[in-house]
There are 2 protein chains.
Amino acid sequence: MTPQRLAIAREVLVQDHPTAAEVYEAVRDRFPTMGLATVYATLNVMVERGLLRPLAFESAVRFDANVTPHANLICTACGRITDYDGCDDVLRTLRDRAATDAGFELEQQRLDLYGRCAGCMAMDVSASDRGQSHSPIA
Amino acid sequence: MTPQRLAIAREVLVQDHPTAAEVYEAVRDRFPTMGLATVYATLNVMVERGLLRPLAFESAVRFDANVTPHANLICTACGRITDYDGCDDVLRTLRDRAATDAGFELEQQRLDLYGRCAGCMAMDVSASDRGQSHSPIA
DNA sequence: ATTGGTGCAAAGGTTTTGCATTTAG
DNA sequence: CTAAATGCAAAACCTTTGCACCAAT
């Protein structure tokens with residue numbers, strides 16, 4: 001455990017669901033000598049140890065500090081990714097059903113819900129000319 | 001609509017959930033002069049027109065010819081991806097719940113179920129030394 | 001001393017871009 | 001004829017690898 005690793009871990013927790021490059025940019029301020037390769041190495045170690053979950057999107061891989069089963073609410077307008085935990089029972093249902101219907105033994109799942117978050121929907125009604133920030137999500 | 005495009009479309013339907021490179025390898029036999037760039041261009045056009053859905057995994061982007069809401073059963077042993085349609089009601093539940101709980105207007109969803117398919121589970125009990133094909137999935 | 005982390009540069013792989021040529025409608 | 005598709009090469013990106021150096025036990 002080094003200061004660099006701590007800084008990287010901190011950024012993953014502080015930032016929403018950052019990419020490696022976003023973590024790199026953030027820690028660069030405090031550790032100007034650190035290279036991108038170190039960030040990748042550290043993130044990969046954390047993934048192997050089960051502390052982080054990599055989420056591949058079309059534009060980039062993002063890292064989720066929430067490794068428990070949950071859904072990701074992904075706003076197609078602002079790009080923000082929010083964890084949503086109100087679907088444990090649904091995920092359990094899927095597990096049972098996959099086993100019964102397809103003989104599939106479920107180990108893990110990923111559930112991404114794409115749409116418009118409450119904030120962006122509010123902006124739509126108040127100002128339709130509001131520039132919607134380009135979504136970082138594919 | 002050109003013969004090349006037809007061949008590419010055919011491959012996406014015939015193969016499970018191929019990557020661009022896999023489609024390229026397959027059409028190469030009948031169109032030896034075709035380049036990878038053409039395959040990418042064609043696949044992107046099909047995605048824009050809503051005929052195909054890109055599924056980003058850590059190792060590659062795969063293309064799904066099933067654009068209706070469904071789950072993907074992804075075997076962590078053999079890597080096969082199977083569409084699973086037995087969860088329409090569950091997806092509808094999620095849509096309603098996301099709207100109620102988080103004010104989130106759901107437009108689209110992606111549901112990936114990772115685990116072991118029936119075939120690979122059968123192999124486990126019969127021969128534990130059976131070489132499990134390396135999963136093409138991250 | 002040995003293990004592991006860091007930093008740098010280079011390599012590998014995937015996807016996109018630019019442009020000239022060919023083809024379809 | 002006009003617009004679009006193709007093929008090729010090069011570029012842009014993201015991620016990994018190799019290796020030397022440094023730090024910690």
Side-chain angles (χ1 to χ4, degrees), chain A residues 1-12 15-65 79 81 134-138, chain B residues 1-12 15-65 79 81 134-138:
Chain A
M1 187 44 74
T2 60
Q4 286 94 330
R5 292 205 162 181
L6 203 73
I8 290 170
R10 223 180 126 282
E11 279 308 321
V12 179
Q15 294 190 40
D16 242 349
H17 295 247
T19 64
E22 285 167 1
V23 171
Y24 175 57
E25 280 308 314
V27 294
R28 223 164 166 22
D29 296 337
R30 298 157 59 76
F31 299 88
T33 65
M34 185 161 43
L36 236 191
T38 299
V39 175
Y40 275 105
T42 303
L43 291 173
N44 286 339
V45 167
M46 293 199 263
V47 169
E48 280 157 25
R49 299 192 184 168
L51 304 172
L52 248 42
R53 175 128 191 242
L55 297 177
F57 292 95
E58 285 190 66
S59 46
V61 175
R62 294 178 174 277
F63 294 88
D64 195 339
I81 304 176
H134 68 292
S135 168
I137 313 299
Chain B
M1 185 44 74
T2 60
Q4 285 93 329
R5 293 205 161 181
L6 202 74
I8 290 170
R10 224 182 124 279
E11 279 309 320
V12 178
Q15 293 188 41
D16 242 351
H17 295 236
T19 64
E22 285 166 3
V23 171
Y24 175 58
E25 281 308 315
V27 294
R28 225 163 164 24
D29 295 336
R30 300 157 58 77
F31 298 88
T33 66
M34 187 161 40
L36 235 193
T38 299
V39 175
Y40 275 104
T42 302
L43 291 173
N44 286 339
V45 167
M46 292 199 265
V47 169
E48 280 158 24
R49 300 194 182 166
L51 303 172
L52 247 44
R53 176 130 191 241
L55 298 177
F57 291 95
E58 285 191 66
S59 47
V61 175
R62 294 177 175 276
F63 294 88
D64 195 338
I81 304 176
H134 68 292
S135 168
I137 314 299

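The side-chain heavy atoms of B:I8 and B:F31, taken from C-beta on, include no pair separated by under 4.5 Å. Counting heavy atoms from C-beta outward, B:E58 and A:P54 have side chains that approach closer than 4.5 Å.
Contact between A:F63 and A:A20 at its shortest, heavy atoms only, is CE1-N, 4.1 Å. Of all heavy-atom pairs between B:A65 and B:V12, the closest is CB-CG1, 4.3 Å. Between A:V27 and A:E11 the shortest heavy-atom distance is CG1-CG, 3.7 Å.
Going from atom CZ of A:R49 over to atom C1' of C:dG4 covers 10 Å, rounded to whole Å. Nucleotide C:dT6 holds its C1' atom 13 Å from the OH atom of A:Y24, rounded to whole Å. When rounded to the nearest whole Å, the span between CZ of A:R28 and C1' of C:dC8 equals 13 Å. C:dT6 atom P lies 5 Å from atom CD of A:Q4, rounded to whole Å. Between the CD atom of A:E48 and the C1' atom of C:dG5 there is a distance of 14 Å, rounded to whole Å. For A:I8 and C:dG7, the CD1 to C1' distance is 12 Å, given to the nearest whole Å.
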Pairs under 3.5 angstrom only: tabulate donor-acceptor contacts from the side chains of residues 32-52 of chain A to other protein residues two or more places apart or in another chain.
from  : atom 1 : to    : atom 2 : distance (Å)
A:T42 : OG1    : A:T38 : O      : 2.8
A:N44 : ND2    : A:Y40 : O      : 3.3

Strictly under 4.0 angstrom, non-hydrogen atoms only: write out the protein contact profile of nucleotides 9-25 of chain C, one letter per nucleotide from the 5' end, B, S or -. B----SBBB--------
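Here the side chain of A:R62 pairs a donor or acceptor atom with the backbone of A:H17 at under 3.5 angstrom. At least one donor-acceptor pair under 3.5 Å links the side chain of B:E22 to the backbone N or O of B:T19.
Remark: B:R5 pairs with no residue by the side-chain hydrogen bond (donor to acceptor under 3.5 Å, both in side chains) rule, at least two apart or across chains. For A:E25, the side chain to side chain contact (heavy atoms under 4.5 Å, CB included) partners two or more places apart in sequence, or in a different chain, are A:R28.
Here A:T33 lies in heavy-atom contact (under 4.0 Å) with sugar-phosphate atoms only.
For DNA chain D, the span of nucleotides reached by chain B at under 4.0 Å from its heavy atoms goes, 5' to 3', from D:dA5 to D:dA9.
Between the two ends of the helix from C:dA1-D:dT25 to C:dG25-D:dC1, each summarised by a five-pair axis, the helix axis turns through 30° (rounded to 10 degrees).
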